[in-house]
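Structure, as structure tokens:
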Amino acid sequence: MAQQDDVFKNIVSHAKEYGFVFQSSEIYDGLGAVYDYGPNGAELKNNIKAYWWKAMVQMHENIVGIDSAIFMHPKTWKASGHVDAFNDPLIDNKDSKKRYRADVLVEEHIEKINQKIQKDIDKAAKRFGDAFDEAQFRATNPNVTRRQEEISQIEARMKAAMDNEDWADFKALIEDLAIACPVSGSKNWTDVRQFNLMFNTQLGNIAGEEGKLYLRPETAQGIFVNFLNVLNTTRQKVPFGIAQIGKAFRNEIVARQFIFRMREFEQMEMQFFVRPGEQTKWYDYWKEERLKWHKALGLGKENYRFHDHLKPAHYADNALDIEFNFPFGFKELEGVHSRTDFDLTQHQELSGKKLQYFDPELQESYVPFVIETSIGLDRMFLATLSACYKNEDLGDGNSRVVLALPPVLAPVKVAIFPLTKKDGLPEKAREIFNQLRLDLPCQYEEKDNIGKRYRRQDAIGTPYCITVDHQTLEDNTVTIRERDSMEQERISIEEVRKVALERCSWAKVLH
Ligand code: GAP
């Protein structure tokens, strides 16, 4: 675990050192859980967006994209259920004045019990060697079964308290478990209360509650309220989808783990409208499609798994997460939700506008059901960075840090170097640079020796480096070096553009 913590720390500092991610307002000591993207980060983020947009919109004739506003009519959030149900249970420690999510405190307590179980298992595994049967040990060892039973009881009590909104019992649970504040060490807690995660602000020209606006906590509602507009302005027929990428805001109580949980973040969401009754078929379809999208990037097939929700959100009848193996363990990267007709029906009721589709084949009108795919762009950024960050031992006492980014995502695709700053080499290298940069993001570099220049490009994930040397002036050839293998080949200058375009092509990941 300590080793994984170190890897994560290295990734965070690498992200800063090489201009990927900075803390927001850093000169004022930062703002909690808000981050800015630097020059390389902005490029990587744009490339992830492009990969999603191309795969979802460009490659699907039955999906169209929109870009709706962050501010929406306040009734939107009443209809969607966010005003009443988008809450986390909150508790404050009176001594440290620190605020916690009550459910997270209990989950962390459960995790400690799990760690004790794991310790017993590890000990037994060591003792019994190959003959060890973990399932049998879990089922029969009295210490383990007692602890498992303890976990089940805590989980059941927490679930009942959440379902019944019995906040007094939630507090009693925290007290019974003797959970102490990690900062003050005291057990001096306030009552548990519900905390709405939406940020709000005020319209300038309307006073009081009437003028209260929310910063959207999901981009999905911008799609639902535009359902008719899109239907009437395109030739789409059910089943069809509407996609968008945009900012979302959540006043998270527990905001940590770098860009994993932020207060301002970006989502890439798609709502797929289907015939009522066909939602299970499409839910299964999109679950597999989205996993394929992830795996096509080559970040390691073993780094993904599905996690079915036992208790889907208020709008869904079925939901799962695609989890990714982050440096701090498997965690949610993307959600696939079967949202039923909940949202359109709610908007229909509150707006008084019919949000229905006339199905020419069935000759009837209905409110379509919806399958949603929803991925956090920043979380995808972190997943990419974590999977691609490598500290490689090159033997002979040397090492290098390399970001093994898929070429389509790399901020810089090709770096062009003259071997030296004289003999007409810079002029030749600039010629190639000028020819390439129309089609691909390139960098021209002449400072430092070639080895240092390679290392700098490795650290930001540049897949190809082209070097112009004295032989270039004789036979019009250059070397092209591949980042991961570090192998070099000589190709003619005429081929450079074709080779670079082909190797960095979207066709490598999109089919
Ligand atoms: N429209 C459905 C929806 O918003 P969600 O599971 O709450 O569902 C979807 O969020 C995705 O948005 C998550 O899988 C995650 O990738 C991302 N996400 C949610 N909250 C986030 C936060 N505070 N910071 C960064 N990403 C977040």
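In listed order, ligands and their atoms are each counted from 1. Quick note: numbers below take in every heavy atom, side chains included, and nothing from hydrogens, waters or symmetry partners.
For atom 12 (O) of ligand 1, the nearest non-hydrogen atom from the set His309, Glu264, Gln267 comes from Gln267. Ranked by closest heavy atom to atom 2 (C) of ligand 1, the top entry among Arg263, Arg379, Glu372 is Glu372. Taking all heavy atoms of Glu269, Arg250, Glu323 into account, the minimum distance to atom 20 (N) of ligand 1 is reached by Arg250.
The shortest separation from a heavy atom of Arg339 to ligand 1 is under 4.0 Å, placing the residue in contact.
Asp191 contributes no side-chain N or O that, together with a main-chain N or O of Ala168, makes up a donor-acceptor pair within less than 3.5 Å. With hydrogens and angles ignored, the 3.5 Å screen pairs a side-chain donor or acceptor of Asn196 with a backbone N or O of Val83. Formation of a donor-acceptor pair under 3.5 Å by the Lys390 side chain with backbone atoms of Ala387 is found in this model.
Among all non-hydrogen protein atoms, the one lying nearest atom 25 (C) of ligand 1 is Phe260 O, 3.3 Å. Nearest to atom 9 (C) of ligand 1 among the protein's heavy atoms is Ser374 OG, 2.9 Å. Given atom 6 (O) of ligand 1, the protein heavy atom at minimum distance is Glu332 OE2, 3.2 Å. In this structure, atom 24 (N) of ligand 1 lies nearest to the protein heavy atom Met262 N, 2.8 Å. Protein heavy atom in closest approach to atom 8 (O) of ligand 1: His337 CE1, 3.5 Å. Considering only non-hydrogen protein atoms, atom 18 (N) of ligand 1 sits nearest to Phe265 CE1, 3.5 Å.
Between Glu252 and Arg263, no side-chain nitrogen of the basic residue sits less than 4.0 Å from a carboxylate oxygen of the acidic one, so the salt-bridge criterion is not met.
Note: Trp286 and His60 meet the aromatic proximity criterion, with ring centroids under 6.0 Å apart. If you look at Phe260 and Phe258, their ring centroids are not closer than 6.0 Å. Within the 6.0 Å centre-distance limit, the rings of Phe381 and Tyr37 are counted as a close aromatic pair. Centroid-to-centroid, the aromatic rings of Phe328 and Phe326 come within less than 6.0 Å.
With a 4.0 Å cut-off on non-hydrogen atoms, Met380 does not touch ligand 1 at all. Residue-level proximity to ligand 1 for Leu333 is carried by the backbone, the only part with a heavy atom below 4.0 angstrom. Only the side chain of Glu218 comes within 4.0 Å of ligand 1, judged by heavy-atom distances.
Donor-acceptor pairing under 3.5 Å is lacking for the side chains of Asn93 and Tyr100. Between Asp317 and Ser338, the side chains place a donor N or O and an acceptor N or O closer than 3.5 Å (distance only, hydrogens not considered).
For a threshold of 3.5 Å applied to N or O pairs, the pair formed by Gly376 and ligand 1 contains at least one separation below that value.
With ligand atoms numbered from 1 in the order given, ligand 1 contributes 14 (O) to contacts under 4.0 Å with heavy atoms of Glu334.
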